[in-house]
Number of protein chains: 2
Amino acid sequence: MSPAPARTSRDAILEAARELLEEEGLDAVTMAAVASRVGVRAPSLYKHIRDRAELVSGVIATAAAELTAALEHALATASAEPAPRVRAIASAYRAFAHGRPRTAALLFADLGPELPIPQAELARSAAPVLEVAAALAGEGRALPAARALTAFVHGFTSMETAGAFRLGGGVDEAFATGVEALIAGLGPAVSSHPGDPQFARPS
Amino acid sequence: MSPAPARTSRDAILEAARELLEEEGLDAVTMAAVASRVGVRAPSLYKHIRDRAELVSGVIATAAAELTAALEHALATASAEPAPRVRAIASAYRAFAHGRPRTAALLFADLGPELPIPQAELARSAAPVLEVAAALAGEGRALPAARALTAFVHGFTSMETAGAFRLGGGVDEAFATGVEALIAGLGPAVSSHPGDPQFARPS
DNA sequence: ACCTGAACACCGTTCAAGT
DNA sequence: ACCTGAACACCGTTCAAGT
């Protein structure tokens with residue numbers, strides 16, 4: 001009996017936006033298209049979200065939270081040695097990216113001055129990566145090792161989504177090659193080569 | 001005395017679009033803003049380019065050609081051993097990305113169904129990477145090694161542009177860590193670990 | 001308290017009319 | 001042969017009016 005009960009919700013709106021993003025790309029995520037999916041008109045969306053930038057940003061933040069859960073789950077079911085844990089987290093990220101390719105590609109994208117990436121959520125996703133990186137490379141080198149791992153996995157899956165691997169050959173093999181090379185090269189057993197520009201630099 | 005000599009050109013239009021992209025982001029690359037930069041009205045642009053998608057695509061293709069030249073130049077002035085050549089090409093890509101961060105981020109981006117990445121130009125950029133990858137990992141493993149290197153360097157610079165590295169610490173150090181790990185891990189001297197899912201698979 | 005149609009500024013694109 | 005204003009469909013956003 002209140003004047004007008006909500007006919008939709010912020011969560012429903014974010015979910016509709018995510019579906020449109022995956023099905024047709026970011027340009028298809030218009031206010032009218034999202035509104036239509038949730039059964040209202042475009043102006044009604046502004047009772048639940050500030051503007052389109054906040055809508056897209058919310059989709060990315062939600063995805064980052066889901067990614068964090070997926071990475072943590074992968075680690076919870078992995079063995080205790082560093083190398084299998086790195087493989088587990090890399091595979092979990094790639095599986096996540098395959099399930100939501102366009103959303104995943106936006107996780108670290110520069111979408112213009114009006115759309116900063118959601119720092120807080122991504123920082124939480126970084127935690128499990130830092131954990132395996134510390135186990136692999138040692139606490140003192142955890143941060144650069146985590147950054148290298150994240151850069152490779154994000155770069156690889158982005159390129160995969162963009163359709164960049166067209167020279168034939170096995171894409172799975174290329175992913176494994178990169179992951180194994182990083183495991184071998186970041187691990188403390190394989191030391192730096194002569195003339196290596198790396199220095200001990202605690203975070 | 002011809003009816004109407006061209007007051008602008010496709011090259012000038014692409015250059016104006018590139019400047020706008022770098023200065024204000026992709027959303028600022030409107031037909032009116034580009035036209036204003038080259039001194040005409042928006043409808044005139046359609047005498048030189050098909051539509052906005054082809055305009056953005058042309059900016060990316062031009063950048064890919066410049067990237068190819070930068071990578072080839074870096075290799076031409078690098079020493080003959082594989083490791084310094086990998087460092088040279090990785091540094092050259094990163095320097096290119098620093099000079100044109102937003103353009104570089106689009107090189108492997110999924111910009112929607114209407115905007116495919118320019119395959120031909122990017123294939124030429126891949127050639128020098130394949131060359132150093134073959135020198136490092138051997139001809140038989142050149143393709144996956146090149147993909148791993150490209151994924152890392154592209155992923156790292158994209159994250160850098162997006163402002164993803166906010167946990168402190170040295171970003172240069174993280175880049176060097178990844179490059180050196182890949183050199184060590186992809187090189188034939190450091191063999192695969194036990195249980196490694198890599199197989200000999202010629203391209 | 002939320003939803004809506006109408007309105008506004010803006011955007012990509014087309015086209016007839018100019019030169 | 002290229003450039004232009006006018007026009008169209010579309011988009012994000014605001015707001016007064018409904019319930």
Side-chain angles (χ1 to χ4, degrees), chain A residues 1-61 102 106 109 111-116, chain B residues 1-61 102 106 109 111-116:
Chain A
M1 205 155 289
S2 56
R7 239 166 281 175
T8 186
S9 68
R10 180 180 158 89
D11 279 358
I13 290 165
L14 289 179
E15 170 64 11
R18 188 188 68 76
E19 291 169 12
L20 275 164
L21 170 62
E22 288 301 341
E23 289 167 18
E24 303 177 56
L26 187 55
D27 286 351
V29 184
T30 66
M31 301 303 274
V34 171
S36 173
R37 284 229 172 188
V38 300
V40 298
R41 305 284 183 167
S44 302
L45 299 181
Y46 293 86
K47 290 288 164 180
H48 304 272
I49 51 143
R50 182 151 40 87
D51 53 22
R52 185 177 177 275
E54 203 250 335
L55 172 62
V56 174
S57 183
V59 171
I60 298 171
R102 284 177 162 143
L106 295 187
L111 267 63
E114 310 303 317
L115 222 158
Chain B
M1 199 129 325
S2 57
R7 239 164 281 174
T8 186
S9 68
R10 179 180 160 90
D11 279 359
I13 290 166
L14 289 179
E15 170 64 11
R18 188 188 68 77
E19 291 170 12
L20 276 164
L21 169 62
E22 288 301 339
E23 289 167 19
E24 303 177 57
L26 188 55
D27 287 351
V29 183
T30 66
M31 301 303 273
V34 171
S36 173
R37 285 231 172 187
V38 300
V40 298
R41 306 285 183 168
S44 302
L45 299 180
Y46 294 85
K47 289 289 164 180
H48 304 272
I49 51 145
R50 181 150 40 89
D51 53 22
R52 185 177 179 274
E54 202 250 334
L55 172 61
V56 175
S57 184
V59 170
I60 298 171
R102 284 177 163 145
L106 296 187
L111 267 62
E114 308 304 316
L115 221 157

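Keep in mind that the numbers below use all heavy atoms, side chains included, and drop hydrogens, waters and symmetry copies. Here the structure is a predicted model, which is why all the values come from computation and not from measurement. Chain letters run A, B, ... following the sequence lines, proteins first, then strands; residues in each count from 1.
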What verdict does the side-chain contact (heavy atoms from CB on, under 4.5 Å) test give for B:Ile49 and B:Met31, after you've listed the backbone C-alpha separation in whole Å, the side-chain angles of each residue and the deciding distance to 0.1 Å? CA-CA 11 Å; B:Ile49 51 145; B:Met31 301 303 273; 3.8 Å; yes

Any side-chain heavy-atom pair from B:Val29 and B:Val59 closer than 4.5 angstrom? no

Check the interface with nucleotides 16-19 of chain D: list each N/O to N/O pair with the protein under 3.5 Å, or write none.
unit_1, atom_1, unit_2, atom_2, d
D:dT19, O2, A:Pro3, O, 3.4

Atom CD1 in B:Ile60, atom CG in B:Leu55: separation rounded to 0.5 Å? 10.0 Å

Tell me the interatomic distance from A:His48, atom NE2, to C:dC2, atom C1', rounded to whole angstroms. 7 Å

What's the spacing between A:Ile13 CD1 and A:Arg37 CZ if we round to 0.5 Å? 14.0 Å

OG/A:Ser57 to CD/A:Glu114 distance, rounded to the nearest 0.5 angstrom? 12.0 Å

Any B:Arg10 side-chain heavy atom under 4.5 Å of B:Glu54 side chain: yes

Which parts of nucleotides 5-13 of chain D does protein reach within less than 4.0 Å, heavy atoms only, written one letter per nucleotide 5' to 3' as B for base, S for sugar-phosphate only and - for none? BB----SSB

Give the dot-bracket string for DNA chain D, reading 5' to 3', where a pair is Watson-Crick or G-U wobble with both distances under 3.5 Å, ( ) marks pairs inside the strand, [ ] marks pairs crossing earlier ones, | marks a partner on another strand, and . marks unpaired. ||.|||||...|||||.||

For B:Ala42 and B:Ala35 the tightest heavy-atom approach is N-CB, 3.5 Å

Would one find a side-chain N or O of B:Ser44 under 4.0 angstrom from OP1 or OP2 of D:dC2? no

What's the separation between atom CG in A:Leu21 and atom CG in A:Leu14, rounded to the nearest 0.5 Å? 12.0 Å

Would you indicate whether A:Glu19, at its atom CD, is surrounded by more than 12 heavy atoms from other residues, nucleotides or ligands within a distance under 6.0 Å? yes

Run the numbers on B:Asp27 and A:Leu115 for side-chain contact (heavy atoms from CB on, under 4.5 Å), then give the verdict. CA-CA 11 Å; B:Asp27 287 351; A:Leu115 222 158; over 6 Å; no

